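Note that the structure is a prediction, hence the values are computed from the model and not measured. Chain A is the first sequence line, chain B the second, and so forth, proteins listed ahead of strands; every chain is numbered from 1.
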Amino acid sequence: MGMVEEPLLASVFEERAEYLSKTELSEWTAVTNADRATLSKLKGPGAKLLIGPRGSGKSTLLKQAYFELQDEGKSLAVYVNYSKSLALEPLFHKTANALQLFRQWVLLKIALGAAESLKECQKEIPDDLAEMTTAADEFIKRLEAGAVINFPEHYTTPTELLHALETWTAESGLKRCVLLLDDAAHAFSSEQQREFFEIFRELRSRGIAPKAAVYPGITSYSANFHVGHEAELVECWYRPDDEDYLQVMREIVSRRIPETLLARLKGREELIDYLALASFGLPRGFLVMLSQLLGVEEDESHRPTRPLADKAIADHASSVRQIFFSLAEKLPRYKRFVELGGELEQGSIRQLQHFNAGRASRSKATVIAYPEPVDSKLARMISMLEYAGIIRDAHTISHGAKGVYHRYTLHYALLVEGNALGLGRNFSVGDIISALSTRDAHALSRVSPVALLGKDYADRCTLDLLPCQNCGSPRFSEDAQFCMKCGRQLRSASVYEELIKSPIDKLPLTPNKLHGLLNHTAIRTVNDILMDEDNMQIRQVPHIGPVWSDRIRRYAQEFVSV
Amino acid sequence: MSSARPGFRWDAINESPDTVDDDFSACCVQSTSSACPIDAFYENTGEVLKLGLPQNLASSPTLGRLLTLGLVTGAEAYFRSIFLGMLRICPLARERAADQMIPLGALEYYGADKIGMGIFEGISFAGGLEVKKRSGTLLNFSWPATGSLGVALSNFDAVCHIRHASVHSQGMLSRGNARALRVPPTAAASQVVIDFPHLQKIALICTSLVRAYNSDLFKVTVDKWISEKILTGSWADDRKSFTELCALFVSRVDAVGPRAANYRYKALAPKIGKRISRPKA
């Protein structure tokens, strides 16, 4: 039962952990045994990479680790969120020292985080830290606003920060400093990514334990960073096929949802399980669907029904696909890979539908298996699908003479929406719950990607390189920086500047909300949402209250972030 | 009759040399470029890169090194031209250069108009140190190491080490080159082989340096002309010098901003006016 009396609805359905208070986080988060093990690794020594798609709970775990470390009082916990790193990307097109500015931004945010943590623990802030943070705050703000600025008076290096953190930790009477670096993938700027992981590598010592939250699939590391050796990979993604999965999700509901809303679910508890499975182990998606089922800010009088649950799942499936397709904007060179990835996903759904037709509930498959070898183009498509959470790596398996297969579980919301479980037309919620939770773990459908994409898929899967803006000649290759015909430098648009100009239909909004914004506000682009102070324009739309307005702003922020 | 033992054959080491004359006068043609220094740099860069197709670079380890030399030469030529241009049009630079020594023959060879070239005879701008030194002594122009220009120059320095190895030792890196390029010391000597992506990167580094230097020096010069009241605030009086300044710095190839100097002058008018009304410090 919820321990907080009458919380604001906006907080109840707040999906992002970094916006929840310590009390809310502690009382609304259900912690599984697997979570406990992960938290132990996050709080302990050694470098760790916490890996999971959007909405898997990485920030929740990092924040929990932060608060627990503070309560324990033995370590200096430093939490830093790097979600705004893409705002620095335009600098790479404007100045030769963007990498150095980025490095300072990364390091000074850690210094600020350390000062914040000491303040929250009511410990004295060392003089040199206070001096460092005085200019740091302004430097960081201006950089995130896109200004090309000078460095603070003292240029900090990773080694200097490492020693400083060790000193501050010791002076505060603490044993270790744990760096909890959130949204650290920097997935859309290869220069930032390489630089970040070089810094991460250097910020390790006996007394400093860095942890970073990254995405599966599209996170690539610097040349000197060897995953597994430099840092242990820790997975953060609930397994919907775990025995206690549904219990955990029900606990999230009972801890978080106020009694008044819980009452609407009385007698319809199986809809909670339905949405929990459809969320595919990703709590954020679960909360979004739940709020839709409960009619939050839509229709306060309605009761949760099966059609509403189906609609919530269909909308969520669409939203998950939108995250995937947004990669075409964030990685414009890989536009065709994204298109083909969409075809691969659709083809896989059809394949499973075909496989599952007529099979008993226990024999239904949610896993698709592609045979080896997986070429580099297919591997990239798969990595993008993993990033979006559309598929989950279920590891390789050998089928003896039949060969080795790479297995992937498809997002349950997509399977439900695409009727890929082969349950016929009039299936009950119980049928779906049974098919998803009591099936044979070894059931899978083997298919060659060539069968799904066509023999010519490799030819279609080419980099989308803009031609020379001067003479129109096609770009020679991915590595070309200059036109081989006219000799002029080939210019690439800033990813960030293109993203903020994007129309709002690129965001994972429901059709109702999209039309609402278009009909009732002057908001047309992602930047318009970001510039809408206090969500004033957004709140003018009927059926958009604090929950939805915050969610829309977060969609916009996530669209222009990592 | 006894057979004499043959003597040591001194000519049996390698093939004999040929007689060749040293007349290259036919190769020395009149320079026709009238572009401003940065545009001349762009032109050179483009021409060099067109020779660097991936398959050609892959099949010839020498080609990449030679083209690197071509790219760095372009950057060097930019610096020579911009220094010469500044000596010609900037009274402050002329004053600073007044005590520079030049060979007597430079007057006859270059003529009075380009006598400044005599200062740079024997000087190489294939390295950050000389660029920084001359910028300081002749132009009173300096910058922080961590700024855009500082970083661009540092990257150019790395490229110059590749150029040095390419020119002097067929790409074999000396200890100094290897250290500058952060190549770990190994038992076998390292040799530079430039492929397509790296040649493109070298061109980008040279381009970034020239752009950063060009825009920063322009800004610093305008600021100094304003603070020293070389710009008077009257377009009629300032037209010649400001137009010459824009002609030296503003890139027609990039075509960013207004082409006509008077539009740029108008934008500066408030700043000039403010300075004119203040007594000189």
Novice: When only pairs under 4.5 Å are counted, which of B/A212, B/P144, B/A203 shares the most heavy-atom pairs with chain A?
Specialist: B/A203
Novice: What would the table of donor-acceptor pairs between chain B and chain A look like if you include every N and O pair under 3.5 Å, whether backbone or side chain?
Specialist:
residue: B/K50; atom: NZ; partner: A/K485; partner atom: O; Å: 3.4
residue: B/T146; atom: O; partner: A/N97; partner atom: ND2; Å: 2.8
residue: B/S148; atom: OG; partner: A/T95; partner atom: OG1; Å: 3.0
residue: B/S148; atom: OG; partner: A/A96; partner atom: N; Å: 2.8
residue: B/Q200; atom: OE1; partner: A/Q481; partner atom: N; Å: 2.5
residue: B/Q200; atom: OE1; partner: A/F482; partner atom: N; Å: 2.9
residue: B/R211; atom: NH1; partner: A/Q489; partner atom: OE1; Å: 2.4
residue: B/R211; atom: NH2; partner: A/Q489; partner atom: OE1; Å: 3.1
residue: B/V253; atom: O; partner: A/R488; partner atom: NH2; Å: 3.0

Novice: Checking B/V48 against chain A: side chain, backbone, both or neither under 4.5 Å from a heavy atom?
Specialist: neither
Novice: To the nearest 0.5 Å, how far apart are CZ in A/F476 and CG in B/L49?
Specialist: 12.0 Å
Novice: Determine the option with the most heavy-atom pairs under 4.5 angstrom with chain A, choosing from B/G52, B/G150, B/G147.
Specialist: B/G147
Novice: Sequence neighbours left out, what passes side-chain contact (heavy atoms from CB on, under 4.5 Å) with B/V183? Give chain and number order.
Specialist: B/L173, B/A178, B/L181, B/S190
Novice: For B/L53, is the CG atom crowded, meaning more than 12 foreign heavy atoms sit under 6.0 Å from it?
Specialist: yes
